[in-house]
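To keep things clear, I will list the structure first and then write my remarks on it.
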Amino acid sequence: MTHAIVALIAEYGLLLVFINVLVEQAGLPLPAVPTLVVAGALSSVGKLPLATVVLVALLACLISDVAWYWAGRRLGPSVMRTLCRISLSPDSCVKQSELRFQRWRGQILLIAKFVPGLSTIAPPLMGAMKLRPHIFVLFDALGSLLWIGVVVGLGYVFSQQIDYVLFALASAGTVAVEVLFALLLAYVIVKWWQRKRLLMSLRLARITVDELHRLVEEGEAPVVVDIRSQASRLADNRVIPGALLINLGSVERELDHVPIDRDVVIYCSCPNEVSAAKAAKGLMVLGYRKVRPLLGGLDAWADAGYAVEHLAQSQPVVVDDAAMMSGHAS
């Protein structure tokens, strides 16, 4: 390592680790892995205390994650939708996280830090799903410690190779910075283009909540379909009155009894009604002529002041302490 880099990170290393990990876990696109790797390399040569690096990073993770957990617990799905709207992959992050939660529950926190997108979504999702606070802190701390240990450990073990990389970057000067910036910009452009192509392929005529309400009032009786995941319905138990509760993957099968000339309105709670549009596309392939996603989804319907029903929540998503601990032990 060049002396300038070593001196800078050795002097401000712990503060840089804390701030970088804190802002990354808060959702900002400032990856903390490079900082942790360099901190691990410096620990191997005695420039930074290894245990303190791990504890500082763990503290930063817990501060950010607990804040998101309580935001999710108090504000529910709206927090996750907000995160997904600013994400580079907004149309799938909540859906994928909900599916992982349904399978793994709180234990998903053990690997969340290793999965892009899930690291930010998991804490508010756990809060919205009413995972008990002490269970959340336990699994979040274990998962964070595992992630920090792996990343810092890589820097510690491969410190010599990191020396060469840092030296090469320092020697390249502004050229290296420009190359790294160009790669980051290219990544963002590719993700934006993928999202644009998806939305273009799903471009359908939407029905507004006012139009749907008018159809209901006029006795047209459209078939209304709620295709949110089970986890979404547990976090937000509102439904449009009379809606059929169907998972996205089984829409075509569950609606095979519905005449193809019947009005079908599909809603979800994802950005840009992507899941609803996908379901509508599938039904149109089967010959349905009057199927449309609901513009704005469930939130738009409720915000317009129209009636909603609440699903019974006799079995709230609360993870049993003993079951979680036994599952972790096994």
Side-chain angles (χ1 to χ4, degrees), residues 1 5-6 8-10 12-44 48 50 52-68 82-90 92-93 96-97 108-125 140-141 143-159 161-170 172 174-192 194-195:
M1 300 179 191
I5 295 176
V6 172
L8 177 64
I9 302 183
Y12 300 104
L14 294 177
L15 180 61
L16 289 175
V17 166
F18 179 81
I19 293 175
N20 199 173
V21 173
L22 183 69
V23 298
E24 185 202 35
Q25 297 307 308
L28 297 180
L30 295 174
V33 169
T35 302
L36 291 174
V37 169
V38 173
L42 289 171
S43 298
S44 71
L48 286 176
L50 180 61
T52 307
V53 168
V54 173
L55 288 176
V56 165
L58 178 60
L59 178 63
C61 284
L62 288 176
I63 290 174
S64 180
D65 291 351
V66 168
W68 276 123
T82 299
L83 285 172
C84 278
R85 288 189 180 101
I86 64 175
S87 166
L88 290 175
S89 302
S92 61
C93 58
Q96 292 174 354
S97 300
I108 193 65
L109 292 167
L110 296 175
I111 63 166
K113 294 287 187 289
F114 296 94
V115 182
L118 183 59
S119 176
T120 303
I121 294 296
L125 179 62
D140 189 64
S144 298
L145 192 59
L146 179 62
W147 174 68
I148 294 165
V150 169
V151 177
V152 173
L154 287 174
Y156 191 95
V157 172
F158 296 102
S159 59
Q161 288 77 6
I162 294 168
D163 279 348
Y164 300 141
V165 173
L166 291 177
F167 181 79
L169 290 175
T174 57
V175 175
V177 176
E178 291 171 355
V179 170
L180 290 175
F181 178 78
L183 290 175
L184 177 61
L185 182 61
Y187 173 77
V188 172
I189 291 174
V190 168
K191 296 297 290 185
W192 172 81
Q194 289 176 344
R195 171 174 168 75

- [ ] Drop me the distance from Ser119's OG to Glu24's CD, to the nearest 0.5 angstrom.
- [x] 6.0 Å
Open item on the list: Please give me the minimum heavy-atom distance between Ala39 and Val17, naming the atom from each residue.
Closed with: CB-CG2, 3.9 Å
Task: Distance in Å, Leu125 CG paired with Ile108 CD1, rounded so as to fall on 0.5 Å steps - done: 9.5 Å
Task: Steps toward side-chain contact (heavy atoms from CB on, under 4.5 Å) verdict (Val37, Val152) - done: CA-CA 5 Å; Val37 169; Val152 173; over 6 Å; no
- [ ] Could you go through the side-chain contact (heavy atoms from CB on, under 4.5 Å) check for Lys113 and Asp65 one step at a time?
- [x] CA-CA 11 Å; Lys113 294 287 187 289; Asp65 291 351; 2.7 Å; yes
Task: Closest non-hydrogen atom pair, Leu110 against Leu146 - done: O-CD2, 3.7 Å
Task: side-chain contact (heavy atoms from CB on, under 4.5 Å) assessment of Ile111 paired with Trp147 - done: CA-CA 8 Å; Ile111 63 166; Trp147 174 68; over 6 Å; no
- [ ] Starting at SG of Cys61, measure out to CG of Asp140 and round the result to the nearest 0.5 Å.
- [x] 7.5 Å
Open item on the list: Which heavy atom of Ser144 sits nearest to which heavy atom of Leu58, and what is that distance?
Closed with: CB-CD1, 3.8 Å
TODO: Considering non-hydrogen atoms only, spot the tightest contact between Leu109 and Ala122 and give its length.
DONE: CD2-CB, 4.0 Å
Open item on the list: Walk me through whether Phe18 and Leu22 qualify under side-chain contact (heavy atoms from CB on, under 4.5 Å).
Closed with: CA-CA 6 Å; Phe18 179 81; Leu22 183 69; 4.1 Å; yes
